[in-house]
Structure formats: C-alpha cells, structure tokens
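Before any comments, here is the structure.
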Amino acid sequence: MLDIIRVRSFEFEGKFFDRVPVFCYYIRMPRLVSRIVTFAFVASLAACSTVGTPGVKNTSKTFNTVVVDAGHGGKDSGAYRRSGPPEKIVTLDVAQRLERKLRESQIKTVMTRDSDVFIPLNNRVARENAQKDAIFVSIHFNDSRRRGTRGFETYYHSGASFDLAARIQQKLMTIPNSANGGVHAANFRVLRLANCPAVLVECGYLSNRSEGNQARDWEYRELLADRIAEAIVEQRYGTGVYRASAQVAQTQQPEPATTGGTGVAPGTVRH
C-alpha cells in the first residue's frame, strides 16, 4: 500500500522550516530483511550530517571574509521578555562586537545589518552568497515556554559547516556556568540556501531568568562575541592565534545585571 504524507512549509520567528512530501511504502517482507532495511535507513540518516551539500563551497579553512548576521531587526523584534531587551537589540549588539573583534584580527567582515532595520531573509541570503571565499555567522537568542530551558545551541545545514559550528559551540562552553544545548542540523533558510559554510548561533534563552538577565549585561555580550570570534579565528588560522581584548581578559565571571533598561551600553547600537 502506498501512503502520501503531505507536510507544508512554514516560517516561525524568522526561521524557515520546510518538509517535502514523503512517500511511505508498506510492504510485507521477512523479519530479517525488514531489520536490514531499517538498519540501512538509520545509517543513511546518521551520514547526512557529514555528507557535503551540492553547491556549497567548503571555505571553512580558507575564508577571508565573514558575513556577520544580526538576527531579526526593525518590525521583527524576535524573542521578547519583559525582564530584558528584545532579541533584535541584543543580537545587533553582539554582532557589532563580533564584527569589531574580527576586524582587529585582520579578517574582512560584511554585516547584513548594522542598525535596527528589517532585512528579509532572502536579502540576507543574497548578501552572504555575494561574497567569495566567505563564511556566514548568524547571531540569535532563544525563547521557550519552559522558563527552565537554557543553554547555547549552534546550528548548521551543510557538512562543510559542521566543524565551524562545533568549534563555536566548544568555545561558548568555556563561559562559566554555561549549559550545553548542543550542535544540531537545521533547515533554516539562511543556512539551507547558503553557498558557503554557514552557522546560526543561539546565545542563550531570553525566556530563562538567568540567561535573560545576562543578556542585558554588556560585559556578558562582550564575552559572547569574544568566544565566537576566537572560534572563527582559530578555524581559519589555528589555535593560539586569537588574542582576547583587555576587557574580556579582566572578566573572570560576568555577573547578571539587576537594573532596568535594555542593558545596551550607550552608543553601542548605531541607528
């Protein structure tokens, strides 16, 4: 018997999810054959994370440009909680700090946005694909209905992007009291349509009281940018090359902010 399962595409908080029709064949077969087919199918799924994606140029070790993408912006606020600034503000601040650190490390940068403006996803994709010998890094913060959910997460789509995603996640986990949300394959549009290695970094949950308060602290956002920059520089030039800024070097363990306001340092966000 042939069943056709139809699942439509949809978009949520600027992140695009997509599924194609799946054709399921139900065929009676000996138990041994069934087990062999099942094992082969599972093995093929496991291999998906390492197989190169057609059309993606693997510049993960040779790139000379980093496209820095601050998630959301303008009319798209992203995640928002009363206890802290909207996602669009903190992503821009981290992205600007990251861009500055990469330039200080002699790496060319291109930003998809450098102010609080709305940039459609297709325009972000066009911007990243217009660069030669580049990688793409998108900065986000997460949200959940479960207030206890926390941790850093890094997403990729092509096999060429996995090493970069894993390295960024590893560096973020050196931040004191951090929680590991893992490295995951995802079908986000800015990752799926990229012609170069591309990753999306979720820098914690604004819905979590602790991580939401930390996101309001400019020193903590500086630390986030520093760890991501360190991963990118080491991905290109090897370990031991990156030099943290004096501000970060003096920060042993950032304390969550307890005051009101956005927590963004004056003059940090350019309009």
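These numbers come from a predicted model, not from an experiment. Side chains are part of it too, since the values below use all heavy atoms of this structure and drop only hydrogens, waters and symmetry mates.
- The pair D226-K101 meets the salt-bridge criterion, since a charged nitrogen lies less than 4.0 angstrom from a carboxylate oxygen.
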task = Show the numbers, then the answer: is there a side chain to side chain contact (heavy atoms under 4.5 Å, CB included) between N64 and I107?
result = CA-CA 6 Å; N64 53 39; I107 295 179; over 6 Å; no
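- For the side chain to side chain contact (heavy atoms under 4.5 Å, CB included) with L200, the lone residue among Y156, F188, F136 that qualifies is F188.
- Closest of all the heavy-atom pairs between T91 and G71 is OG1-O, 2.9 Å.
- When ring centroids are compared, F141 and Y205 stay outside the 6.0 Å threshold.
- Applying the salt bridge (charged side-chain N to carboxylate O under 4.0 Å, His left out) test to every pair with at least one member in residues 126-139, sequence neighbours left out, gives these pairs: K57-D133.
- In this structure, CG on L206 lies 11.0 Å from OH on Y80, to the nearest 0.5 angstrom.
- Under the 3.5 Å distance criterion, the side-chain polar atoms of T59 are matched with a main-chain donor or acceptor of A134.
- With E87 contributing its side chain and G78 its backbone, the two residues share no donor-acceptor pair below 3.5 Å.
- S207 and R145 are not linked by any side-chain donor-acceptor pair at a separation below 3.5 angstrom, with hydrogens and angles left out of the test.
- Looking only at distances, a side-chain donor or acceptor of N129 sits under 3.5 Å from a matching main-chain atom of L193.
- By the rule that hydrophobic residues join a cluster once side-chain heavy atoms approach within less than 4.5 Å of another member, M111 and L98 end up as members of one cluster.
- Residues V190 and L121 are in side-chain contact: their nearest non-hydrogen atoms beyond the backbone lie under 4.5 Å apart.
- Rounded to the nearest 0.5 angstrom, I119 CD1 and R124 CZ are separated by 6.0 Å.
- For the pair N213 (side chain) and R209 (backbone), a donor-acceptor distance under 3.5 Å is present.
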query = Going through the distances and angles, do D76 and K88 end up as a salt bridge (charged side-chain N to carboxylate O under 4.0 Å, His left out)?
reply = CA-CA 7 Å; D76 178 12; K88 67 174 184 176; over 6 Å; no
message = What verdict does the side chain to side chain donor-acceptor pair (under 3.5 Å) test give for D163 and Q235, after you've listed the backbone C-alpha separation in whole Å, the side-chain angles of each residue and the deciding distance to 0.1 Å?
response = CA-CA 8 Å; D163 286 348; Q235 180 72 20; 5.0 Å; no
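- Hydrophobic clustering of Ile, Leu, Val, Met, Phe, Trp and Tyr side chains at less than 4.5 Å, counting indirect connections, keeps V67 apart from F118.
- Taking the side chain as every heavy atom from C-beta outward, V56 and H157 never approach each other to under 4.5 Å.
- Using modelled atom types, no side-chain atom of E99 and backbone atom of V110 make a donor-acceptor pair closer than 3.5 Å.
- A donor-acceptor distance shorter than 3.5 angstrom exists from the side chain of R236 to the backbone of F63, with no hydrogens or angles considered.
- Y242 and A229 make their closest contact through OH-CB, 3.8 Å (heavy atoms, listed as atom of the first residue, atom of the second, distance).
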task = Just do the side chain to side chain contact (heavy atoms under 4.5 Å, CB included) check on L92 and I139 with the steps written out, would you?
result = CA-CA 8 Å; L92 178 59; I139 304 298; over 6 Å; no
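- Judged purely by atom type and a 3.5 angstrom limit, R103 has no side-chain atom pairing as donor or acceptor with the backbone of K108.
- Tested against T154, the residues Q170, H184, E202, Q169 include a single side chain to side chain donor-acceptor pair (under 3.5 Å) partner, Q169.
- Taking each heavy atom of R97 and A225 in turn, the nearest pair found is CB-CB, 3.6 Å.
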message = Let's go through L172 and I228 carefully: what are the C-alpha distance in whole Å and the side-chain angles of both, what is the deciding distance for side chain to side chain contact (heavy atoms under 4.5 Å, CB included) to 0.1 Å, and is it a yes or a no?
response = CA-CA 7 Å; L172 288 173; I228 298 171; 4.1 Å; yes
task = Quick one: do I168 and V183 satisfy side chain to side chain contact (heavy atoms under 4.5 Å, CB included)? Show the steps, please.
result = CA-CA 9 Å; I168 290 175; V183 178; over 6 Å; no
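- With rounding to the nearest 0.5 angstrom, the OG atom of S144 is 9.5 Å from the CG atom of N208.
- The two residues T65 and Q131 have their closest heavy-atom pair at CG2-OE1, 4.3 Å.
- Between the side chain of D69 and the main chain of V137, no donor-acceptor pair closer than 3.5 Å is present.
- Here the CG atom belonging to N180 is positioned 11.0 Å from the CZ atom belonging to R150, to the nearest 0.5 angstrom.
- Taken from OG in S60 to CD1 in I232, the straight-line distance is 12.5 Å, to the nearest 0.5 Å.
- In terms of modelled atom types and a separation under 3.5 Å, the side chain of E211 and the main chain of G151 share a donor-acceptor contact.
- Here the OH atom belonging to Y155 is positioned 12.5 Å from the OG atom belonging to S138, to the nearest 0.5 angstrom.
- Comment: E222 engages R100 in a salt bridge, judged by a side-chain N to carboxylate O separation of less than 4.0 angstrom.
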query = Passes salt bridge (charged side-chain N to carboxylate O under 4.0 Å, His left out), R221 versus D217? Steps please.
reply = CA-CA 7 Å; R221 297 194 302 273; D217 183 356; over 6 Å; no
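- Shortest non-hydrogen contact noted between V199 and S161 is CG1-O, 3.8 Å.
- A donor-acceptor pair is defined here as one N or O able to donate and one able to accept, closer than 3.5 Å; such a pair exists between the side chain of R113 and the backbone of H72.
- When every heavy atom of A70 is checked against every heavy atom of T112, the shortest pair comes out as N-OG1, 3.8 Å.
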